[in-house]
*Asks:* 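One structure is given below, represented as structure tokens, and several questions about it will come after.
For reference, positions follow the sequence shown, starting with 1. Just so you know, ligand 1 is whichever comes first in the structure, and atom 1 is the first atom listed for that ligand. Atom set for the values below is all heavy atoms of this structure, side chains included, hydrogens, waters and symmetry mates excluded.
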Amino acid sequence: MRVVQLVLIAVISGLASAATNSSYPRVNACAALEAALLGDVAYPNTTAYIQLNNYWSDQQRETLPRCFVTPKTTPDVATVLKILTRQNAPFTVKSGGHVPFPGGSSIENGVTIDLVHINGVDVSADRKTVSVGPGNRWLNVTEKLDPLGLAVVGGRDQNVGVSGLLLGGGISFFSGIYGWACDNVRKYEVVLASGNVIYASPNENSDLYWALRGGGGLNYGVVTRFDLAAFDQGDLWLHMLSFPGTENRTIIVGFQNLTIEGLPRDPAAHSVLGVASDPFTGVTTATLTFLHAGVPSPPGSVPAVFQPFESLPKALATSSSTGSVSKYLTLLATPYGGRRDWGNVIISANFSQVVLDDIMSLYAKRNAALIKNGGGDTIAPLALLQAIPVNVLAQMQKNGGNAFGLTPSDGPLIMVSFPISWTNPANDKLVMNSTKKLLADVAATAKKHGVYNPYIYLNYAGLSQ
Ligand SMILES: Cc1cc2nc3c(=O)[nH]c(=O)nc-3n(C[C@H](O)[C@H](O)[C@H](O)COP(=O)(O)OP(=O)(O)OC[C@H]3O[C@@H](n4cnc5c(N)ncnc54)[C@H](O)[C@@H]3O)c2cc1C
Ligand SMILES: *[C@@H]1O[C@H](CO)[C@@H](O)[C@H](O)[C@H]1NC(C)=O
Ligand SMILES: *[C@@H]1O[C@H](CO)[C@@H](O)[C@H](O)[C@H]1NC(C)=O
Ligand SMILES: *[C@@H]1O[C@H](CO)[C@@H](O)[C@H](O)[C@H]1NC(C)=O
Ligand SMILES: *[C@@H]1O[C@H](CO)[C@@H](O)[C@H](O)[C@H]1NC(C)=O
Ligand SMILES: *[C@@H]1O[C@H](CO)[C@@H](O)[C@H](O)[C@H]1NC(C)=O
Ligand SMILES: *[C@@H]1O[C@H](CO)[C@@H](O)[C@H](O)[C@H]1NC(C)=O
Ligand SMILES: CC(=O)N[C@H]1CO[C@H](CO)[C@@H](O)[C@@H]1O
């Protein structure tokens, strides 16, 4: 999908032939940028280049541009786009660099526009809007807002970039109340390929406003400011429960009931279920993460919505705590490094036991094959279930609706994604093949049993999707 975006932008701006002509003077693009921006350009083998080349996955970090350019202002971005389009130079845009696959926000032999220096976080006088620069990571936003008793609908991991998450959708701790992150953007500042700066909101360029909410950001321009709806927010509550993976039926059935019955009754509640497979033994562990946007009373109690899980036997571990949004963005962060892949399939939350068993057995079979064929590499698979309850789908209809094409009558839904990490590049094909096949097999069983939804969430979409 991301690659398709790059190709599209190339076609839109007439770059397609240049992108395939290796003798095209791309080095000149870097030099022209350097001249125009008084040196905000970093070349290979410099400290600046090495620092900017900080991606979450190894595959992105290995995809090396001719130069990084780091505009500091919106007019700088306009200058950069004018130069690059005039020179027919291939380029990409980077915010937090958390797309896993090569080319996601990196480009071999092109120019990477790194937005890191466009990093304002400004709260309006009435505390209703936070204007966020596209180069921020989510922790930069929450660290500013927590002390003010404010929050926005944003990411759940400290290092994820604001731009990719907001442009693709954005599942948040607060989504039950407000919808996904993209549903809570009041206004975008966008630099078009022409270098023109325009604004998109419900009453200005409303078609672009619609498309930017989940329709594939880089297709339309470079966003240089997001005006986000803010709300009063204090501490959160977190509760985690781990079970042996052999309990997957009970846990997944409980998660289905939570998605269908529980979450709509308490929109402040949020939950994720992971079934992790040990890289060497294939032994699985199911971990439920529960969050609540308010501290339960009495302190130490478990909110009613999560009570059905408290009585389940065989829990391996549990933990509870309260704290700031920043605390949980740090606690739940996934470290950098390693080779990475993922993809997702979205199904009706009310899937039958047959579908559940099919998905778990397809997952286990795929993981066993990786242990057998991976040559001892540390290949760490995860099956991640995320709820899309009807209250979230209802919030997605705000402001004219987003670009997903989902309504409450399509739900409730569960997104099943399969993130995986490994270390040996020799296993790239093996692992990525297996993920692609697993996604196709899971989609096929969902289709066969009438619970498939064709929506694919861009922000967890694999290269093959
Ligand atoms: C550890 C981890 C945790 C995650 N947690 C969540 C989560 O809680 N909720 C959720 O919904 N998703 C989550 N995601 C998925 C995440 O939303 C996507 O990976 C997202 O694309 C990352 O954004 P980024 O800015 O870091 O990525 P980048 O790779 O920098 O950018 C993503 C895409 O957007 C383009 N782009 C970047 N900036 C701009 C801009 N200003 N204008 C136009 N195009 C731009 C890039 O070219 C690229 O195509 C997580 C991912 C990871 C790896
Ligand atoms: C590639 O670009 C160079 C420089 O503009 C040009 O001389 C050459 O003809 C181009 N080659 C092809 C195959 O388009
Ligand atoms: C954002 O947060 C990171 C990590 O805490 C920090 O290194 C960086 O300087 C921050 N950026 C800004 C603009 O505050
Ligand atoms: C799911 O549970 C069943 C029944 O306990 C078990 O046989 C199977 O191995 C489990 N699958 C996974 C992936 O843990
Ligand atoms: C399903 O969820 C509802 C609402 O939270 C709860 O009352 C009920 O006990 C749950 N059912 C089971 C079987 O867990
Ligand atoms: C779930 O599916 C079952 C059978 O497929 C059906 O009987 C039931 O009404 C459905 N429940 C909901 C809440 O849609
Ligand atoms: C990947 O899949 C393709 C097509 O299914 C197959 O031909 C190829 O052998 C596979 N490669 C690996 C390394 O598994
Ligand atoms: C000497 C040195 O570090 N050379 C490196 C310069 O950068 C290129 C591209 O990043 C590398 O391939 C070289 O190894």
*Asks:* Examine the side chains of Tyr199 and Glu189 and answer whether a donor and an acceptor come within less than 3.5 Å of each other.
*Replies:* yes

*Asks:* Do the ring centers of Tyr457 and Tyr460 come within less than 6.0 Å of each other?
*Replies:*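 Yes, ring centres under 6.0 Å apart.
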
*Asks:* Is it the case that the side chain of Ser57 and the backbone of Pro100 share a donor-acceptor pair, with hydrogens and angles ignored and the cut-off at 3.5 Å?
*Replies:* yes

*Asks:* Quick test: of every protein heavy atom, which one is nearest to atom 2 (O) of ligand 3, and how far off is it to 0.1 Å?
*Replies:*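 Atom 2 (O) of ligand 3 sits closest to the protein heavy atom Asn140 ND2, 2.3 Å.
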
*Asks:* Verify whether the ring centers belonging to Phe306 and His270 lie closer than 6.0 Å.
*Replies:*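 Not close enough - the centres of the two rings lie 6.0 Å or further apart.
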
*Asks:* Is the closest protein non-hydrogen atom to atom 14 (O) of ligand 4 under 4.0 Å?
*Replies:* yes

*Asks:* Are any of the N/O atoms on Gly104, whether in the backbone or the side chain, positioned under 3.5 angstrom from an N/O atom of ligand 1?
*Replies:* yes

*Asks:* Quick one: does ligand 1 sit under 4.0 Å from the side chain of Leu115, the backbone, both or neither, non-hydrogen atoms only?
*Replies:* side chain

*Asks:* Do any nitrogen or oxygen atoms of Asn136 lie less than 3.5 angstrom from nitrogen or oxygen atoms of ligand 3?
*Replies:* no

*Asks:* Given the protein's heavy atoms, is any one of them under 4.0 Å from atom 11 (N) of ligand 3?
*Replies:* yes

*Asks:* Any protein heavy atom lying closer than 4.0 Å to atom 4 (C) of ligand 3?
*Replies:* no

*Asks:* Is there a heavy atom in Tyr457 that sits closer than 4.0 Å to ligand 1?
*Replies:* yes

*Asks:* Is there a nitrogen or oxygen of Val222 sitting under 3.5 Å from a nitrogen or oxygen of ligand 1?
*Replies:*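 No: no nitrogen or oxygen of Val222 is under 3.5 Å from one in ligand 1.
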
*Asks:* Show the atoms of ligand 4 that are less than 4.0 angstrom away from any heavy atom in Met360.
*Replies:*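 Reading through ligand 4 atom by atom, the close ones are 13 (C).
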
*Asks:* Go through Phe290 and Phe309 one step at a time and tell me if the ring-ring contact (aromatic ring centres under 6.0 Å, His included) criterion holds.
*Replies:* CA-CA 10 Å; Phe290 297 140; Phe309 297 89; 5.1 Å; yes

*Asks:* Side chain, backbone, both or neither: which part of Phe91 comes within less than 4.0 Å of ligand 1 when only heavy atoms are counted?
*Replies:* neither

*Asks:* So if I count the atoms of ligand 4 from 1 in the order they appear, which ones are less than 4.0 Å from some heavy atom of Asn248?
*Replies:*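 Heavy-atom distances to Asn248 below 4.0 Å select 1 (C), 2 (O), 3 (C), 8 (C), 10 (C), 11 (N), 12 (C), 14 (O).
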
*Asks:* Answer yes or no: is there a side-chain heavy-atom contact under 4.5 Å between Val191 and Asn196?
*Replies:* no

*Asks:* Non-hydrogen atoms of Phe173 versus ligand 1: any pair closer than 4.0 Å?
*Replies:* no

*Asks:* Do we see a donor-acceptor contact under 3.5 Å between the side chains of Ser175 and Gln395?
*Replies:* no

*Asks:* Which is it for Ser95 and ligand 1 at heavy atoms under 4.0 Å: side chain, backbone, both or neither?
*Replies:*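 Both backbone and side chain.
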
*Asks:* What do we get for Val93 next to ligand 1 when only non-hydrogen atoms under 4.0 Å count, side chain, backbone, both or neither?
*Replies:* both

*Asks:* Do any nitrogen or oxygen atoms of Thr334 lie less than 3.5 angstrom from nitrogen or oxygen atoms of ligand 1?
*Replies:* no

*Asks:* Should the proximity of Leu167 to ligand 1, defined as any heavy atom under 4.0 Å, be assigned to the side chain, the backbone, both, or neither?
*Replies:*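 Within the 4.0 Å criterion, Leu167 contacts ligand 1 through side-chain atoms alone.
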
*Asks:* So is Thr284 polar-close to ligand 4, meaning N/O to N/O under 3.5 Å?
*Replies:*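 There is such a contact, yes.
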
*Asks:* Does ligand 1 have a heavy atom under 4.0 Å from the side chain of Tyr55, from its backbone, from both, or from neither?
*Replies:*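 It is neither part, as no heavy atom is under 4.0 Å.
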
*Asks:* Can you sort out which atoms of ligand 3 are near Asn119, meaning under 4.0 Å from one of its heavy atoms?
*Replies:* 13 (C)

